[in-house]
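Residue numbering restarts at 1 for every chain, and letters A, B, ... go by the order of the sequence lines. Predicted, not measured: the structure shown is a model, and the values here were computed from it.
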2 protein chains.
Amino acid sequence: MSTSKAARTPTDPVDAIIDQWAAVRPDLDTAAMEVFGRVFRLSRAMGDRMEKTYARLGISRGEFDVLATLRRSGDPYALSPRQLSATLMLTTGGMTGRLDKLERAGLLRRSPDPHDRRALQVTLTDKGLTLVDEAVGAGLAVQTEALSSLDEEQAGQLADLLRQLLAGTGRTSR
Amino acid sequence: MSTSKAARTPTDPVDAIIDQWAAVRPDLDTAAMEVFGRVFRLSRAMGDRMEKTYARLGISRGEFDVLATLRRSGDPYALSPRQLSATLMLTTGGMTGRLDKLERAGLLRRSPDPHDRRALQVTLTDKGLTLVDEAVGAGLAVQTEALSSLDEEQAGQLADLLRQLLAGTGRTSR
DNA sequence: AGTAATTAGCTTAGCGCTAAGCTACTTATC
DNA sequence: GATAAGTAGCTTAGCGCTAAGCTAATTACT
């Protein structure tokens with residue numbers, strides 16, 4: 001399909017909000033909203049879509065994150081609850097709940113750590129491995145499709161700008 | 001296919017995750033993660049910072065959103081709970097809770113709609129108006145500071161790419 | 001060795017959300 | 001004018017999270 005429409009997007013919901021602020025508070029510098037307003041909306045919209053995608057396979061997005069972290073860690077697909085909660089920026093209480101659900105579903109297994117009797121090893125089962133391999137493919141397909149609004153050069157440019165912004169904000173954080 | 005890594009970019013957490021996937025699942029096309037992985041992380045990091053910023057003024061981020069929506073609507077700063085929950089993509093149950101808290105804090109007021117006895121009018125109090133005006137300034141300051149990792153041209157470019165991506169994904173949704 | 005401090009994982013209370021269902025009121029249809 | 005359908009706002013049950021506190025095991029200090 002050729003893009004016969006004008007490339008200039010007239011206004012989106014974020015532009016509308018910024019215009020509203022300009023009307024009631026013309027003193028405000030709203031330039032940063034142009035970026036972060038869209039980051040927040042994009043994150044929510046895509047997050048909802050990922051949620052639905054994983055739901056078709058019977059897991060939540062948070063549960064997918066656990067399985068994917070184990071899968072990414074490579075053979076033997078074993079990490080401790082502590083490592084998982086640190087990676088996923090989750091409290092240990094939250095992780096206990098996720099592991100409970102995933103273990104009940106037969107997607108992973110908790111076994112004692114042979115070297116530290118306080119610790120556990122969380123391991124992907126065959127069923128869990130199969131499921132996460134399917135889920136990661138499905139999730140990436142959704143993201144790839146969403147990204148198709150941009151051509152390859154634009155996507156690369158966007159990724160670079162986001163990397164730079166993320167690096168800067170990470171440092172200044174609490 | 002992925003572009004070759006530029007040596008000047010010191011790899012961020014998202015690059016690390018992509019590399020991990022490449023090691024265990026070299027068949028995956030992870031290009032979309034370069035964008036959405038960063039969008040998710042940026043949204044969470046900035047969301048946490050906004051939360052802390054508003055917390056100093058005694059409100060949560062969700063409560064700020066309610067006050068800000070009323071403020072943006074202009075004089076007389078009155079909307080119905082239904083309008084608010086639609087704008088903020090929140091169920092009516094969730095909105096009831098937010099309004100309860102904000103009303104108890106004296107930041108807004110619920111009064112009967114003179115034209116529809118089912119409906120209410122939610123109005124900003126003077127105290128609420130003062131507080132939201134301070135909060136929006138504080139929030140924008142945090143966002144502006146975060147955006148300072150980019151120069152003005154880059155920020156504009158980033159906003160344009162995000163607008164285009166958001167427009168495309170919004171339509172394909174379901 | 002003996003004791004203190006740290007760490008792993010779990011439990012509980014509380015919070016804010018959604019989904020579903022309720023009552024009161026309004027609008028549309030005959 | 002009566003009745004059906006739709007709408008506004010609230011309530012409740014359930015879910016997943018955090019913060020705080022617990023026990024058991026490990027490590028560090030003397």
Side-chain angles (χ1 to χ4, degrees), chain A residues 40 43-45 47-52 54-55 58-67 69-70 78-105 107-123 174, chain B residues 40 43-45 47-52 54-55 58-70 78-105 107-123:
Chain A
F40 290 139
S43 173
R44 172 157 187 175
D48 288 352
R49 266 209 254 180
M50 303 313 292
E51 197 84 62
K52 276 175 198 144
Y54 299 136
I59 54 175
S60 72
R61 191 181 167 199
E63 288 154 14
F64 168 80
D65 287 340
V66 174
L67 299 179
T69 303
L70 286 165
L79 294 171
S80 71
R82 173 110 334 231
Q83 286 174 302
L84 286 167
S85 48
T87 303
L88 299 176
M89 295 190 292
L90 199 69
T91 59
T92 62
M95 187 51 65
T96 297
R98 286 193 193 177
L99 294 178
D100 284 349
K101 266 206 74 182
L102 290 167
E103 189 171 35
R104 244 180 280 125
L107 301 173
L108 54 77
R109 193 184 305 119
R110 276 187 267 211
S111 48
D113 182 318
H115 303 306
D116 185 339
R117 275 193 295 171
R118 292 169 307 181
L120 296 178
Q121 272 187 343
V122 178
T123 318
R174 178 65 344 85
Chain B
F40 290 138
S43 173
R44 171 156 188 177
D48 287 353
R49 266 206 256 180
M50 302 313 291
E51 197 84 61
K52 276 175 200 147
Y54 300 135
I59 55 175
S60 72
R61 191 181 167 198
E63 287 155 13
F64 168 81
D65 288 340
V66 173
L67 300 178
T69 303
L70 288 164
L79 295 170
S80 70
R82 172 107 342 228
Q83 286 174 302
L84 286 167
S85 48
T87 303
L88 299 176
M89 295 190 292
L90 199 68
T91 59
T92 62
M95 187 52 67
T96 297
R98 287 194 193 176
L99 294 178
D100 285 348
K101 264 207 76 182
L102 289 167
E103 190 171 35
R104 244 180 281 126
L107 300 173
L108 54 78
R109 192 183 305 117
R110 277 187 267 212
S111 48
D113 184 318
H115 305 305
D116 186 340
R117 274 195 294 171
R118 293 169 306 179
L120 296 179
Q121 272 186 345
V122 177
T123 317

- Message: Base, sugar-phosphate or nothing for Arg82(A)? Non-hydrogen atoms, less than 4.0 Å.
- Response: base
- Pair Glu103(B) + Arg109(B), salt bridge at N-O below 4.0 Å: no
- Message: Students often get this wrong, so: under 4.0 angstrom with heavy atoms, is Ser60(B) touching a base, only sugar-phosphate, or nothing?
- Response: nothing
- Hey, does Arg61(B) reach any base, or is it just sugar-phosphate, or nothing, if we go heavy atoms under 4.0 Å? nothing
- Residue met sooner reading DNA chain C from 5', once Gly94(B) and Ser80(A) are mapped to nucleotides: Ser80(A)
- Query: Looking across every strand, which nucleic acid part, if any, lies under 4.0 Å from Asp116(A) by heavy atom: base, sugar-phosphate, or nothing?
  - Reply: sugar-phosphate
- Query: Quick one: Leu79(B) CG to dG9(D) C1', roughly how many Å, whole number?
  - Reply: 15 Å
- Assess whether one donor atom and one acceptor atom, taken from the side chain of Thr91(B) and the base of dC17(C), lie less than 3.5 Å apart. no
- Ring-face cation contact, Phe40(A) with Arg61(B), 6.0 Å cut, 45° max: yes
- Side chains of Ser80(B) and Leu120(B): does their closest heavy-atom pair fall under 4.5 Å? no
- Message: Side chain of Lys101(B), heavy atoms from C-beta onward: which of dA25(D), dG16(C), dA24(C) has the nearest atom to it?
- Response: dG16(C)
- Query: What integer distance in Å separates Met89(B):CE from dC17(C):P?
  - Reply: 13 Å
- Task: Find the distance Asp48(B):CG to dA19(D):P and express it as a whole number of Å.
- Result: 10 Å
- Item | Beyond-backbone contact of Asp65(B) with Leu88(B), side-chain heavy atoms, under 4.5 angstrom | yes
- Task: Take the protein atom NE2 of His115(B) and the nucleotide atom P of dA8(D), then report the distance between them rounded to whole Å.
- Result: 16 Å
- Query: Which part of the nucleic acid does Gly93(B) contact within heavy-atom distance under 4.0 Å: base, sugar-phosphate only, or nothing?
  - Reply: base
- Does NZ or CZ of Arg98(B) fall inside the cone over Phe64(B)'s six-membered ring, less than 6.0 Å from its centre and within 45° of the axis? no
- Note on the structure: With the side chain defined as heavy atoms from C-beta on, Arg98(A) is closest, among dC17(D), dT26(C), dG9(C), to dC17(D)
- Item | Arg118(B) CZ to dC22(C) P, straight-line distance once rounded to whole Å | 19 Å
- Query: Taking for each residue the nucleotide of DNA chain D with the nearest heavy atom, is it Arg110(B) or Leu90(A) whose nucleotide lies nearer the 5' end?
  - Reply: Arg110(B)
- Task: Could you tell me the separation between the CG atom of Asp113(B) and the C1' atom of dA8(D), rounded to a whole number of Å?
- Result: 10 Å
- Message: Please classify the nucleic acid contact of Ser85(B) as base, sugar-phosphate, or nothing, using heavy-atom distances under 4.0 Å.
- Response: nothing
- Note on the structure: Whole-Å distance, Arg104(A) CZ to dC15(D) P, equals 10 Å
- Query: Could you state the CG-C1' distance from Leu84(A) to dG9(C), rounded to the nearest angstrom?
  - Reply: 12 Å
